[in-house]
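One structure is given here, and the rest of the page talks about it.
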Amino acid sequence: MPINTKESYIEIGTSFSNGVLENVLSLPVPIELPSSDEFIVDAGRNVDGAMLIEQIGRTQYTTQIKFARLKNTKWWEINRWIEANGMFFWCKYFAHNYGVWRIRRFYCGDPKCEPFKINPDTGIPEMYINCSINVIDMGEETTVTISTVQI
């Protein structure tokens with residue numbers, strides 16, 4: 001099944017109230033969305049050498065949103081939104097491991113891109129390629145499941 005092609009597939013917003021994101025920026029559909037659910041644990045060995053593991057908090061979700069290419073204006077719009085609103089935001093996304101739409105609080109890390117088709121007169125690129133943004137779960141208990149895909 002292909003990834004949803006609607007621009008609202010992933011949305012970020014500055015706040016979340018009554019099931020609605022506010023001050024929303026819709027991200028283009030990514031070409032890749034490698035993600036993981038990470039278990040945070042406290043682990044050690046007892047005096048007999050047996051492992052003792054205790055999960056701390058809930059599972060946390062991280063992903064790297066990757067775009068093959070973006071017009072310069074869209075890449076600037078994304079980064080200006082993050083700059084203006086801070087690196088902490090709410091994100092609506094599809095949790096592929098569970099088949100549910102969720103909203104959680106995240107922070108942004110490491111926006112990366114490569115300038116492409118640079119205008120020789122202005123030095124301004126027409127596009128950016130190999131763009132990516134890391135999105136890391138804050139671990140807060142405010143996760144909201146919007147809807148579930150039926151099995």
Side-chain angles (χ1 to χ4, degrees), residues 1-43 53-119 122-151:
M1 175 180 272
I3 275 186
N4 186 329
T5 57
K6 294 181 181 175
E7 183 147 323
S8 62
Y9 180 69
I10 301 172
E11 294 178 326
I12 58 177
T14 55
S15 57
F16 173 70
S17 178
N18 298 321
V20 177
L21 286 174
E22 297 169 357
N23 189 21
V24 172
L25 175 67
S26 294
L27 300 180
V29 176
I31 59 157
E32 286 185 55
L33 199 60
S35 60
S36 65
D37 287 320
E38 299 175 1
F39 299 99
I40 309 300
V41 299
D42 184 15
I53 301 173
E54 178 183 8
Q55 185 173 346
I56 301 170
R58 66 165 174 75
T59 302
Q60 294 185 0
Y61 177 81
T62 61
T63 191
Q64 185 179 41
I65 303 171
K66 295 182 176 183
F67 309 100
R69 67 180 66 191
L70 291 173
K71 289 192 61 68
N72 58 7
T73 53
K74 189 61 177 183
W75 182 246
W76 297 337
E77 178 186 15
I78 293 168
N79 284 279
R80 287 175 182 170
W81 188 95
I82 293 168
E83 180 75 22
N85 296 293
M87 62 184 282
F88 304 101
F89 52 84
W90 293 88
C91 182
K92 181 199 84 171
Y93 66 99
F94 186 74
H96 291 274
N97 288 350
Y98 305 102
V100 298
W101 284 95
R102 288 190 170 151
I103 293 178
R104 279 189 175 157
R105 194 156 146 85
F106 289 85
Y107 68 94
C108 174
D110 305 326
K112 296 177 184 169
C113 70
E114 298 172 35
F116 185 69
K117 291 189 178 180
I118 298 172
N119 181 313
T122 64
I124 297 173
E126 181 181 317
M127 311 182 89
Y128 291 93
I129 59 172
N130 302 321
C131 305
S132 67
I133 299 172
N134 293 331
V135 179
I136 303 110
D137 186 344
M138 295 281 290
E140 298 173 349
E141 293 298 326
T142 52
T143 300
V144 176
T145 298
I146 302 170
S147 65
T148 303
V149 176
Q150 299 302 313
I151 299 174

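Values below: every heavy atom of this structure, side chains too, minus hydrogens, waters and symmetry copies.
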Legend entry - Check: Trp81 and Asn23 side chains under 4.5 Å, non-hydrogen atoms: yes
Legend entry - Rounded distance (nearest 0.5 Å) linking atom OG of Ser26 with atom CD of Glu11: 4.0 Å
Legend entry - Shortest non-hydrogen separation from Asp137 to Phe106 and the atoms involved: N-CD2, 3.3 Å
Inset, instruction - List the atom of Ile136, the atom of Gly109, and the distance in Å for their closest heavy-atom pair. - result: CD1-N, 4.2 Å
Inset, instruction - For residues Thr62 and Asn134, determine if any side-chain heavy atom of one lies less than 4.5 Å from a side-chain heavy atom of the other. - result: no
Inset, instruction - Could you grab the distance from atom CD1 of Ile10 to atom CD1 of Ile133, nearest 0.5 Å is fine? - result: 9.5 Å
Inset, instruction - Would you sort out whether Trp90 and Glu22 count as a side chain to side chain contact (heavy atoms under 4.5 Å, CB included), showing the intermediate values? - result: CA-CA 9 Å; Trp90 293 88; Glu22 297 169 357; over 6 Å; no
Inset, instruction - Ignoring hydrogens and angles, tell me if any N or O in the side chain of Asn119 forms a donor-acceptor pair with the backbone of Ile124 under 3.5 Å. - result: no
Legend entry - Check: Tyr128 and Pro115 side chains under 4.5 Å, non-hydrogen atoms: yes
Legend entry - Worked check of salt bridge (Lys or Arg N to Asp or Glu O under 4.0 Å) between Lys74 and Glu77: CA-CA 5 Å; Lys74 189 61 177 183; Glu77 178 186 15; 3.1 Å; yes
Inset, instruction - Indicate the atoms forming the closest heavy-atom contact of Pro111 with Asn79, along with that distance. - result: CB-OD1, 3.5 Å
Legend entry - Heavy atoms of other groups near Arg69 CZ, more than 12 under 6.0 Å: no
Legend entry - Neighbour count >12 (heavy atoms, 6.0 Å) for atom CD, Glu114: yes
Legend entry - From Asn130 atom CG to Ile31 atom CD1, the distance as rounded to the nearest 0.5 Å: 7.5 Å
Inset, instruction - Could you check if a side-chain atom of Ile78 sits within less than 4.5 angstrom of a side-chain atom of Leu70, using non-hydrogen atoms only? - result: yes
Inset, instruction - Identify the heavy atoms of Val29 and Phe67 that sit nearest to each other, and give their distance. - result: O-CD2, 3.9 Å
Legend entry - Enclosure of Tyr107 OH (heavy-atom neighbours >12, cutoff 6.0 Å): no
Legend entry - Trp75 side chain reached by Met127 side chain, heavy atoms, under 4.5 Å: no
Inset, instruction - Taking all non-hydrogen atoms of both residues into account, name the closest pair between Ile82 and Cys108 and its distance. - result: CD1-SG, 3.7 Å
Legend entry - Val135 vs Phe89, side chain to side chain contact (heavy atoms under 4.5 Å, CB included): CA-CA, chis, key distance, verdict: CA-CA 10 Å; Val135 179; Phe89 52 84; 4.2 Å; yes
Inset, instruction - Kindly give the heavy-atom pair with the smallest separation between Ile103 and Phe16, and that separation in Å. - result: CD1-CE1, 3.2 Å
Legend entry - Separation of Ser15 OG from Leu21 CG (nearest 0.5 Å): 8.0 Å
Legend entry - Verdict with reasoning, Glu126 to Phe116, per side chain to side chain contact (heavy atoms under 4.5 Å, CB included): CA-CA 6 Å; Glu126 181 181 317; Phe116 185 69; over 6 Å; no
